[in-house]
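In what follows, a single structure is set out as structure tokens and then discussed.
Numbers here are sequence positions counted from 1. Both backbone and side-chain heavy atoms feed into the values below; hydrogens, waters and symmetry mates do not. The model shown is predicted, which means the values in this text are computed figures rather than measured ones.
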Amino acid sequence: MKFFVDTADLKEIQEMNALGILDGVTTNPSLMAKIGVQGRENVLNHYKTICEMVDGDISAEVISTDFEGMIREGEELAALHENIVVKVPMIKEGIKAIKYFTDKGIKTNCTLVFSVGQAILAAKAGATYLSPFLGRLDDVSTDGLSLIADICTVYDNYMFETEVLAASVRHPMHIIECAKIGADVVTCPASAIDKLFNHPLTDIGLQQFLADYKKVEG
Ligand code: G3P
């Protein structure tokens, strides 16, 4: 399973990358706004910086909602670095754009996916990644993990090459359940990855080993 970190914060990206287990980064306009990047030039430079920091796929989202605008933006983003993945919303124009990018050899991430039907459309268009938002489904009392499982089943049935990238992950159990289902990728906030480290028995055991070693040293 690939691990992406879902943030535009360079410090968080650096910290996760230093662990040596990071396979990529996903961003979105809300995450860019959160860290206060302003102006197109600065946004593009920010993506470039992330690409130079992490050796893996970096998702950068288009803002346009019409086909021509998405193509213009997506080509500009893809030209920044070979690891850029153009993130495109799951709308009709988006599906057309994904097909266009696929034919041009540009990687894509179809975002804002909330149903199996949408997942089929994105795979048919040749999306590199599909981002079902599981936490946001949980937020409206709908089982996000069931959607991930259903999409994995359908993609397996037809051997679609699109990778299932579980997004809107909120906590360690989301990550573990996605791994059990067989999602190809999880993109998580750094805090959720951090929490995977924690176990009280690890802490107690380490304290005991260190205390006992003091006796060995004398
Ligand atoms: O990758 C999509 C993700 O950023 C959305 O997460 O927590 O805003 O639903 P959230």
Will you find, in the side chains of D57 and Y129, an N or O donor that is under 3.5 Å from an N or O acceptor?
-> yes

Original post:
When hydrophobic residues are tied together by side-chain contacts of less than 4.5 Å, even through go-betweens, does L134 share a cluster with M90?
Top reply: yes

Residue pair Q208 / Y213, side-chain donor-acceptor N/O under 3.5 Å: no

**Prompt:** Within a reach of under 6.0 Å around CG of D55, are more than 12 heavy atoms found that belong to other residues, nucleotides or ligands?
**Reply:** no

Tightest non-hydrogen contact, residues S146 and D143, listed as OG-OD2, 2.5 Å

Here the gap from K92 atom NZ to T65 atom OG1, rounded to the nearest 0.5 Å, amounts to 14.0 Å

Taking every heavy atom of I98 against every heavy atom of G126, the minimum-distance pair comes out as CG2-C, 4.3 Å

Can you confirm whether L147 sits close enough to P132 that some side-chain heavy atom of one is under 4.5 Å from a side-chain heavy atom of the other? yes

What I'd like to find out is whether the side chain of V186 reaches to under 4.5 Å of the side chain of M1, using heavy atoms alone. yes

Working note: H46 + I50, criterion side chain to side chain contact (heavy atoms under 4.5 Å, CB included); need CA distance, chi angles, decisive distance, verdict. CA-CA 6 Å; H46 198 80; I50 297 173; 3.8 Å; yes

*Would E15 and K11 pass as an ion pair if we require N to O under 4.0 Å?*
yes

Nearest heavy-atom contact between N83 and K107 is CA-NZ, 4.3 Å

Give every donor-acceptor pair under 3.5 Å between a side-chain atom in residues 31-38 and any protein atom, sequence neighbours left out.
none

Contact check, side chains of V86 and N109, non-hydrogen atoms, under 4.5 Å: no

Notebook entry, point to check: Between V43 and Y47, is a side chain to side chain contact (heavy atoms under 4.5 Å, CB included) present by the stated rule, with each step listed?
Noted result: CA-CA 6 Å; V43 167; Y47 288 138; 3.5 Å; yes

dist I58:CD1 -> K87:NZ (nearest 0.5 Å) comes out at 12.0 Å

Minimal heavy-atom distance between L112 and R136, with the atoms involved, is CD2-NH1, 4.3 Å

CG (D184) and OG1 (T128) are apart, to the nearest 0.5 Å, by 12.0 Å

Worksheet entry | Joint hydrophobic cluster, V85 plus F3, side-chain heavy atoms closer than 4.5 Å | no

Query raised in the report: Under 4.5 Å between any side-chain heavy atoms of L10 and M53, yes or no?
Result: yes

Going by an N to O cut-off under 4.0 Å, is there a salt bridge joining E217 and K214?
-> no

Have Y158 and K124 got a donor and an acceptor in their side chains that come within less than 3.5 Å? no

All heavy atoms of V62 vs all of P89, minimum pair found to be CG2-CD, 4.0 Å

Donor-acceptor check, side chain of Y100 to backbone of F67, threshold 3.5 angstrom: yes or no? no

What do the steps show when you test E73 against R40 for side chain to side chain contact (heavy atoms under 4.5 Å, CB included), and what is the final call?
CA-CA 11 Å; E73 267 190 72; R40 189 70 186 156; 3.8 Å; yes

Have S59 and T26 got a donor and an acceptor in their side chains that come within less than 3.5 Å? no

Here the gap from D66 atom CG to I71 atom CD1, rounded to the nearest 0.5 Å, amounts to 9.5 Å

Report, one line per pair, each donor and acceptor closer than 3.5 Å where one atom sits in a side chain of residues 189-202; sequence neighbours left out.
unit_1: H199; atom_1: ND1; unit_2: L201; atom_2: N; d: 3.1

When every non-hydrogen atom of I13 is compared with those of V25, the smallest separation belongs to CD1-CG1, 4.0 Å

Is there a side-chain contact between V88 and M70 (heavy atoms, below 4.5 Å)? yes

Quick one: do V154 and F133 end up in the same hydrophobic cluster if we chain Ile, Leu, Val, Met, Phe, Trp and Tyr together by side-chain heavy atoms under 4.5 Å apart?
-> yes

Value for OG1 (T27) from CZ (F4), rounded to nearest 0.5 Å, stands at 11.5 Å

**Report entry** Any donor-acceptor N/O pair, T7 side chain to E12 backbone, under 3.5 Å
**Finding:** no

Notebook entry, point to check: Would you say the side chain of I151 lies within less than 4.5 Å of the side chain of L130, judging by non-hydrogen atoms?
Noted result: yes

Step by step, would you call V54 with L22 a side chain to side chain contact (heavy atoms under 4.5 Å, CB included)? CA-CA 8 Å; V54 178; L22 195 62; 4.2 Å; yes

CD (E76) and CD1 (I84) are apart, to the nearest 0.5 Å, by 11.0 Å

- Message: Do V185 and D23 have side chains that approach each other closer than 4.5 Å (heavy atoms only, starting at C-beta)?
- Response: no

Can you give each donor-acceptor pair under 3.5 Å made by side-chain atoms of residues 169-183, sequence neighbours left out, with the distance rounded to 0.1 Å?
unit_1: R170; atom_1: NH1; unit_2: D139; atom_2: OD1; d: 3.1
unit_1: R170; atom_1: NH1; unit_2: D139; atom_2: OD2; d: 3.2
unit_1: R170; atom_1: NH2; unit_2: D139; atom_2: OD2; d: 3.1
unit_1: R170; atom_1: NH2; unit_2: S168; atom_2: OG; d: 3.3
unit_1: H171; atom_1: ND1; unit_2: M173; atom_2: N; d: 3.3
unit_1: H171; atom_1: ND1; unit_2: H174; atom_2: N; d: 3.3
unit_1: H174; atom_1: ND1; unit_2: R170; atom_2: N; d: 3.0
unit_1: H174; atom_1: NE2; unit_2: D138; atom_2: OD2; d: 2.8
unit_1: E177; atom_1: OE2; unit_2: K180; atom_2: NZ; d: 3.2

Report task. Evaluate the side-chain proximity of I148 to V164: yes if any heavy-atom separation is below 4.5 Å, no if none is. Result -> yes

